[in-house]
Amino acid sequence: MAKISLNLSNTGIGEKDILVYKEQVENIHKDLERRANDQDDFVGWLELPTKYDKEEFARIKEAAKRISKDSDILVVIGIGGSYLGARAVIEALTSSFYNMLPHKQRKFPKILYAGNNLSAGYINDLIEVIGDSDFSVNVISKSGTTTEPAIAFRIFREILENKYGIEEARSRIYVTTDKEKGALKQLADEEGYEQFVIPDNVGGRYSVLTAVGLLPIAAAGVDIDKLMQGAQQAQKEYSNVSLKENACYRYAVARNILNKNKKDIEILVNYEPKLHYFTEWWKQLYGESEGKDLKGIFPAGIDCTTDLHSMGQYIQEGKRSLFETVINIENPASSLKINSDDDNLDGINYLAGKDLNFVNQKAMEGVIEAHVSGDVPNIVVNVEKLNEETVGRLIYFFEKSCAISGNILGVNPFNQPGVEKYKANMFKLLGKPGY
């Protein structure tokens, strides 16, 4: 069982500082446990790894097999939590160039994304890439009226119907939506599309371990049984109320202590390019959960060592309002030895015989030391290896710590009232009836 561990030694936070929050964390823990089964609340994710719908889970795997059999491409239509979690997991657990591999190597459909922007250029480029390839669509929306995915679905539904005819198009459209109501639910019922449910008590940014994330993830060939097993292990481990032992709770407390010390920007740092979209998912999770009531730790992210050559200067010597959380993969799955060169014109023969992972690790250690010396505290989340189980654990780790952290901060981490404000202005400018 691959574990996740937390290192706070480079934060300046002592055990006494952590334990000041003991009673508050225990009260939040009890409140979350009490609310977990309330269908009118948004805490359903808390016990989801053990209480998910097993029948639907089996249907997800069967649907993924059908998609793999009849499609070279799956277009995932959704925005925010409706696609970020799936993309985070797929990119973390498949080849960095998954969509570029020939089908014989890939074995599963390419996963492409739409409905997450309003760019005509993006949609037209995607249509061009699909070309004559066989494809299916998974549209994900609670209501079916969110502008970006609604437009994308209208476009790709028409393409499917023109390409295959209405009847076959119906078999290539998979809908993930509300179980009872909404425009997309109504359309799916009328057309007979296969449907999967977005649970009422699980918000979008916490939904990656529901059908929202699991169908695209399974279609990409990722083992969703192992993903859920990792989340189950995390659910058990992080149900421990002890602030001395629960790394998930300690992370939540540490970031709030740093926030009180005027470190109000958190940068999630990775040294593995496959984690780029995991960072994007994390940014939504914490930004949408904590950014309200004029409060919140601003979530940012960098990919290292790449972004050290663009953002490194600011982090080292800019405004001192930053702290970093580093995801450290202790045992990378791949290795590459650096060979010697007779001419040594690049001056790197001193690295000959060493593995590239060793160089990457030393870069990480050097960066942490430099940033800490520059008054940028560093939290390190150590992950033994990158596989389905550890990614499942990591998802649950950050979800639960976010719930604890938001409550410590004094906000509701499960709503997002500010998201609707721009929409009203946009609809008015577009001339939508009623605005």
Side-chain angles (χ1 to χ4, degrees), residues 63 67 71 73-87 111-130 135-164 166 169-200 202-208 210-213 215-216 219 280-281 284 288 415-435:
I67 293 167
S71 300
I73 294 170
L74 173 66
V75 178
V76 177
I77 298 176
I79 195 166
S82 293
Y83 93 104
L84 278 173
R87 189 164 189 175
I111 311 296
L112 302 176
Y113 303 89
N116 52 58
N117 61 65
L118 292 169
S119 166
Y122 181 94
I123 292 287
N124 282 322
D125 289 347
L126 179 54
I127 292 169
E128 184 178 11
V129 165
I130 293 171
F135 77 103
S136 294
V137 164
N138 176 206
V139 56
I140 307 159
S141 175
K142 186 80 169 170
S143 65
T145 59
T146 302
T147 307
E148 296 90 341
I151 291 172
F153 182 47
R154 180 177 288 197
I155 291 167
F156 284 99
R157 178 188 173 199
E158 183 179 353
I159 292 171
L160 280 171
E161 290 177 348
N162 289 338
K163 182 180 177 72
Y164 297 105
I166 291 175
R170 285 176 177 146
S171 69
R172 291 176 173 273
I173 294 173
Y174 299 83
V175 171
T176 308
T177 191
D178 190 273
K179 66 180 177 182
E180 293 179 348
K181 60 185 185 296
L184 186 55
K185 168 64 178 172
Q186 181 181 342
L187 178 63
D189 286 345
E190 290 173 357
E191 296 293 332
Y193 302 144
E194 180 158 10
Q195 298 175 48
F196 301 93
V197 173
I198 302 173
D200 289 336
V202 179
R205 58 190 176 275
Y206 291 86
S207 67
V208 59
T210 71
V212 169
L215 178 55
E280 295 303 303
W281 168 79
Q284 187 206 358
E288 206 165 70
N415 67 357
Q416 54 278 343
V419 172
E420 302 304 316
K421 302 223 171 170
Y422 88 88
K423 293 181 182 178
N425 294 337
M426 179 180 72
F427 292 152
K428 183 178 179 181
L429 291 167
L430 288 170
K432 183 175 181 178
Y435 288 86

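Rounded to the nearest 0.5 Å, atoms CD1 (Ile77) and CG (Leu112) are 11.0 Å apart. Between Asp125 atom CG and Ile130 atom CD1 the span is 11.0 Å, to the nearest 0.5 Å. Rounding to the nearest 0.5 angstrom, the gap separating the CD1 atom in Ile140 from the CG atom in Leu184 is 10.0 Å. How far CD1 of Ile73 is from CD1 of Ile111: 9.5 Å, rounded to the nearest 0.5 Å. To the nearest 0.5 Å, atom CD of residue Gln195 and atom NZ of residue Lys179 are 13.0 Å apart. Going from atom OG of Ser119 over to atom CG of Asn124 covers 8.5 Å, rounded to the nearest 0.5 Å.
For the pair Phe156 and Ile127, the minimum side-chain heavy-atom distance is below 4.5 Å. Looking at heavy atoms from C-beta onward, Arg87 lies out of side-chain contact with Glu280 at the 4.5 angstrom threshold. In this structure, the side chains of Ile166 and Arg157 stay at 4.5 Å or more apart for every pair of heavy atoms. Side-chain atoms of Ile198 and Thr210, non-hydrogen and from C-beta on, never get closer than 4.5 Å to each other. Leu126 has its side chain out of reach of Tyr113: every pair of non-hydrogen atoms, C-beta onward, lies at least 4.5 Å apart. With contacts defined as side-chain heavy-atom distances shorter than 4.5 Å, the pair Val202/Val212 does not qualify. In this structure, the side chains of Val139 and Val75 stay at 4.5 Å or more apart for every pair of heavy atoms. Phe196 has its side chain out of reach of Asn138: every pair of non-hydrogen atoms, C-beta onward, lies at least 4.5 Å apart.
Dense packing is recorded around CD of Glu191, with more than 12 heavy atoms of other residues, nucleotides or ligands lying under 6.0 Å away. Dense packing is recorded around CG of Leu118, with more than 12 heavy atoms of other residues, nucleotides or ligands lying under 6.0 Å away. Taking a 6.0 Å sphere around NZ of Lys428, one finds it holds 12 or fewer heavy atoms contributed by other residues, nucleotides or ligands.
In this structure, Tyr174 and Ala63 approach most closely via the heavy-atom pair CE2-CB, 3.8 Å. Minimum heavy-atom separation, Ser82 to Gly78: CB-CA, 3.9 Å. The heavy-atom pair separating Pro216 from Gly213 by the smallest distance is CD-O, 3.2 Å. Taking each heavy atom of Asn415 and Arg205 in turn, the nearest pair found is O-NH2, 3.1 Å.
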side-chain contact (heavy atoms from CB on, under 4.5 Å) assessment of Glu180 paired with Val197: CA-CA 9 Å; Glu180 293 179 348; Val197 173; over 6 Å; no
Full working for side chain to side chain donor-acceptor pair (under 3.5 Å) between Glu190 and Gln186: CA-CA 6 Å; Glu190 290 173 357; Gln186 181 181 342; 3.2 Å; yes
Candidate pair Leu215 and Ile67, rule side-chain contact (heavy atoms from CB on, under 4.5 Å), full reasoning: CA-CA 10 Å; Leu215 178 55; Ile67 293 167; 4.3 Å; yes
Which side-chain N or O atoms in residues 143-154 pair as donor and acceptor under 3.5 Å with protein atoms at least two apart or in another chain?
from, atom 1, to, atom 2, distance (Å)
Ser143, OG, Thr145, N, 3.1
Ser143, OG, Thr145, OG1, 3.1

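At distances below 3.5 Å, at least one donor-acceptor pair connects side-chain atoms of Gln284 with backbone N or O atoms of Gly81. Although no hydrogens or angles enter the test, the distance criterion places no donor-acceptor pair under 3.5 Å between the side chain of Lys185 and the main chain of Thr177. In terms of modelled atom types and a separation under 3.5 Å, the side chain of Arg172 and the main chain of Phe135 share a donor-acceptor contact.
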